[in-house]
There are 2 protein chains.
Amino acid sequence: MNTTPKSMKKEILSHIRTYLLESDSATKVELSERLEISFPTISKFIAQMEMNGEIISVGLDESSGGRRAKRYKYNPEYMLGLAIYLEKAETNYVIFNCLGEIKERGDVSSVLEENDLHLLTMCIERVVSDYPKINSIAIGVPGSVDNGRIFYIPGYEQFQNLDVKGFYEEHFSIPVVVENDMNAAVLGYQQNRGVKDNQSLVYLYSGQNGPGAGLLINGNVVRGNTFFAGEVSFVPQNNNQNFRQALENGPKYDDIAFSMDYQIEPISSLVASLTAIINPHTIIFCNDEVDEEIIEIIAIASSKYIPPEHLPNLTISDWRQDYLYGLQSLGINLLINETIQ
Amino acid sequence: MNTTPKSMKKEILSHIRTYLLESDSATKVELSERLEISFPTISKFIAQMEMNGEIISVGLDESSGGRRAKRYKYNPEYMLGLAIYLEKAETNYVIFNCLGEIKERGDVSSVLEENDLHLLTMCIERVVSDYPKINSIAIGVPGSVDNGRIFYIPGYEQFQNLDVKGFYEEHFSIPVVVENDMNAAVLGYQQNRGVKDNQSLVYLYSGQNGPGAGLLINGNVVRGNTFFAGEVSFVPQNNNQNFRQALENGPKYDDIAFSMDYQIEPISSLVASLTAIINPHTIIFCNDEVDEEIIEIIAIASSKYIPPEHLPNLTISDWRQDYLYGLQSLGINLLINETIQ
DNA sequence: AATACTTATTAAAGGCTTTTAATAAGTTAT
DNA sequence: ATAACTTATTAAAAGCCTTTAATAAGTATT
């Protein structure tokens with residue numbers, strides 16, 4: 001049940017924080033009406049939060065015919081988040097505030113390449129002691145993650161089956177979230193572009209281990225039964241090839257030998273498969289892999305398979321930025337929802 | 001916010017009902033501990049519900065060292081549900097209690113074939129006046145449904161774009177749920193087989209409009225951006241055919257000319273596509289379309305495409321029964337969650 | 001400038017549930 | 001059979017949010 005006083009307080013706090021951050025500033029009446037929480041309760045929380053320095057009074061509103069209302073802003077520096085990217089060749093980190101503004105970036109030698117968890121721990125220790133306001137840690141990894149535990153990360157056996165979330169939450173007493181890089185990217189896209197939160201998105205990329213996809217269905221990350229969801233390499237296509245083979249090898253027979261780009265066909269076919277199965281709202285491609293022109297050709301080619309009215313939007317985005325944004329938004333969610341006091 | 005007294009009461013009620021129905025019977029202490037609601041609150045609700053006849057005292061427990069506890073059971077006859085299936089050639093209905101026990105079945109001439117909503121209204125009117133305890137109506141239709149509104153139902157234009165839920169809730173003042181037949185079936189399978197509620201399931205069938213699928217991903221029904229999700233007919237496959245064509249026309253070249261059943265290959269390929277994209281826990285086939293032997297052949301054929309450890313369970317089920325069960329469980333959900341007093 | 005009118009904020013009362021204490025109803029041991 | 005001990009239930013007190021009433025602080029009008 002969610003009726004204990006503590007969970008109530010937590011919920012009210014996150015609603016107030018979310019609204020203040022989203023709308024930049026608010027009065028008590030606005031909060032009360034929007035959040036459907038009574039005025040006295042809002043008033044009590046606001047007083048407490050102002051005392052803690054979590055929110056700041058920014059003066060009085062223009063009068064709307066009566067007494068002028070006090071307007072409050074969230075203090076974005078009240079809490080900070082730390083996002084860490086474990087990539088093959090490098091390990092970067094970013095410190096950001098509740099608005100997603102970056103306070104510091106940095107890197108350490110690749111935790112994955114060195115196969116050394118201790119390196120990561122030391123990095124976090126240093127950052128956390130430099131920035132005592134850090135209240136959440138988001139870690140992105142190129143592998144499958146199950147509730148903070150790294151489930152499958154080919155090539156980096158030291159990290160296989162490691163409960164990163166459990167370990168660091170114990171170690172630092174700070175909420176931790178761990179997420180797969182593609183899932184973080186698709187979440188980042190969703191947040192960044194203001195996608196409605198129950199839509200379905202697919203983020204396509206071609207990684208070093210072959211192409212793959214990050215999936216959001218009805219707004220939720222899809223991991224699959226054996227964390228195999230999004231492994232679109234394996235989708236069977238024409239000519240007894242799967243998607244990866246078709247992409248790499250090109251056509252094996254003459255029909256489309258004169259296709260300008262032999263990758264168009266497998267991609268369009270994959271778009272059709274995705275549409276016929278999950279009918280997503282948008283499919284996102286990486287900006288270093290396609291351009292607007294190719295996108296349009298793909299769209300046309302896909303409508304060979306699927307009635308055009310059902311085809312998703314095909315868009316292009318910046319993968320690294322989405323990834324960053326996704327990790328940040330996971331971290332900010334922890335700040336907003338998990339920090340209680 | 002969910003803190004208003006009314007929504008609180010509603011939530012407590014549904015929790016008590018759910019637990020009593022799932023566990024057959026309970027004491028106040030059991031309810032209090034399991035639901036994490038204080039004993040006095042449970043006690044108050046139980047007293048009220050017993051007075052209404054919603055629950056029944058079934059005597060005292062054996063002593064566990066002290067005063068013996070009273071044990072309570074839910075009275076399954078307290079509320080009834082009505083489920084109606086609109087099918088091409090027939091319209092059937094079922095009246096059931098909270099345990100899913102069927103009190104009466106019946107049919108009227110096909111509402112769809114006659115293209116006559118009034119027929120349905122009259123049928124419900126009669127049933128509801130015969131059984132005043134009916135407190136929920138679940139309607140299954142062979143078309144796309146968006147929040148109770150029939151969105152797309154080829155062939156029955158009178159029903160196109162009809163807000164069935166809104167209309168009947170207004171008309172009868174009883175909660176109504178409308179669901180697509182395949183979605184109801186996959187929900188029914190989930191409930192009936194006690195599938196964990198965040199797993200992904202695919203229900204495959206070959207309807208008169210070609211094959212299709214009902215999808216549950218992370219436990220939620222997937223409708224898609226344009227209600228096209230599950231239209232697996234359109235999945236591109238080998239030999240420039242989509243799934244439907246491959247199924248209907250058979251192979252067009254020689255490689256697999258001696259395949260025992262030429263439908264094996266397209267189905268296995270579809271299983272592979274589903275796995276590579278959403279990696280479901282289980283794929284369900286209809287018992288009048290396949291048997292155990294074929295299932296095994298499909299499983300083997302699929303592992304040509306996908307590492308076997310990622311393949312879903314392939315199972316067989318009774319479609320009509322799952323459909324019925326799905327509608328019933330939607331109806332029972334309304335009884336449990338929406339009835340307040 | 002004084003009065004009527006708006007609107008924000010504070011204060012008091014009421015309705016929930018939870019926590020804690022008290023009582024009732026059994027069981028076990030002497 | 002009585003005392004000591006368990007456990008269920010009832011009763012009272014406390015906490016928290018909401019509703020309602022009262023007050024404060026402006027604006028507009030005469």
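Chain letters run A, B, ... following the sequence lines, proteins first and then strands; every chain starts at 1. Side-chain atoms are counted along with the backbone in the values below, which use heavy atoms only and exclude waters and symmetry mates.
The ring-ring contact (aromatic ring centres under 6.0 Å, His included) check on B:F151 picks up B:F227, with sequence neighbours excluded. Every residue two or more places apart in sequence or in another chain that forms a side-chain contact (heavy atoms from CB on, under 4.5 Å) with B:N147 is listed here: B:K165. Under the rule for a ring-ring contact (aromatic ring centres under 6.0 Å, His included), B:Y93 has no partner lying at least two apart in sequence or in another chain. Contacts of A:Y323 classified as ring-ring contact (aromatic ring centres under 6.0 Å, His included), with partners at least two apart in sequence or in another chain: A:Y85, A:W319. When the side-chain contact (heavy atoms from CB on, under 4.5 Å) test is applied to B:Y131, the partners found at least two apart in sequence or on another chain are B:L80, B:I95, B:E104, B:V127, B:I134. Every residue two or more places apart in sequence or in another chain was checked for a ring-ring contact (aromatic ring centres under 6.0 Å, His included) with A:Y19, and none qualifies.
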Atom pairs and distances, side-chain donor-acceptor, residues 217-224 of chain B, under 3.5 Å, sequence neighbours left out:
{"unit_1": "B:N218", "atom_1": "ND2", "unit_2": "A:V221", "atom_2": "O", "d": "3.0"}
{"unit_1": "B:R223", "atom_1": "NH1", "unit_2": "B:E179", "atom_2": "OE1", "d": "2.9"}
{"unit_1": "B:R223", "atom_1": "NH1", "unit_2": "B:E179", "atom_2": "OE2", "d": "3.4"}
{"unit_1": "B:R223", "atom_1": "NH2", "unit_2": "B:E179", "atom_2": "OE2", "d": "3.0"}

Scan nucleotides 26-29 of chain C against the protein and return all N/O pairs shorter than 3.5 Å with their distances rounded to 0.1 Å.
{"unit_1": "C:dG26", "atom_1": "N2", "unit_2": "B:G65", "atom_2": "O", "d": "3.3"}

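Defining each end axis of the helix from C:dA1-D:dT30 to C:dT30-D:dA1 as the rotation carrying four pairs' C1' atoms onto the next four, with five pairs an end, the two axes are found to diverge by 20° to 10 degrees.
Residues A:I42 and B:F39 each lie close to DNA chain D; by heavy-atom proximity, the contact nearer the 5' end of the strand is made by B:F39.
We find that NZ of B:K70 is positioned 11 Å from C1' of D:dA8, with the value rounded to whole Å.
Within the nucleic acid shown, A:T27 has no heavy atom closer than 4.0 Å to any nucleic acid atom.
Considering A:E54, A:E22, A:E338 in turn, A:E54 is the only one that fulfils the salt bridge (charged side-chain N to carboxylate O under 4.0 Å, His left out) rule with A:R17.
The phosphate of C:dT18 (OP1 or OP2) has a side-chain N or O of B:T41 nearer than 4.0 angstrom. An OP1 or OP2 oxygen of C:dC16 is reached within less than 4.0 angstrom by no side-chain nitrogen or oxygen of B:K44.
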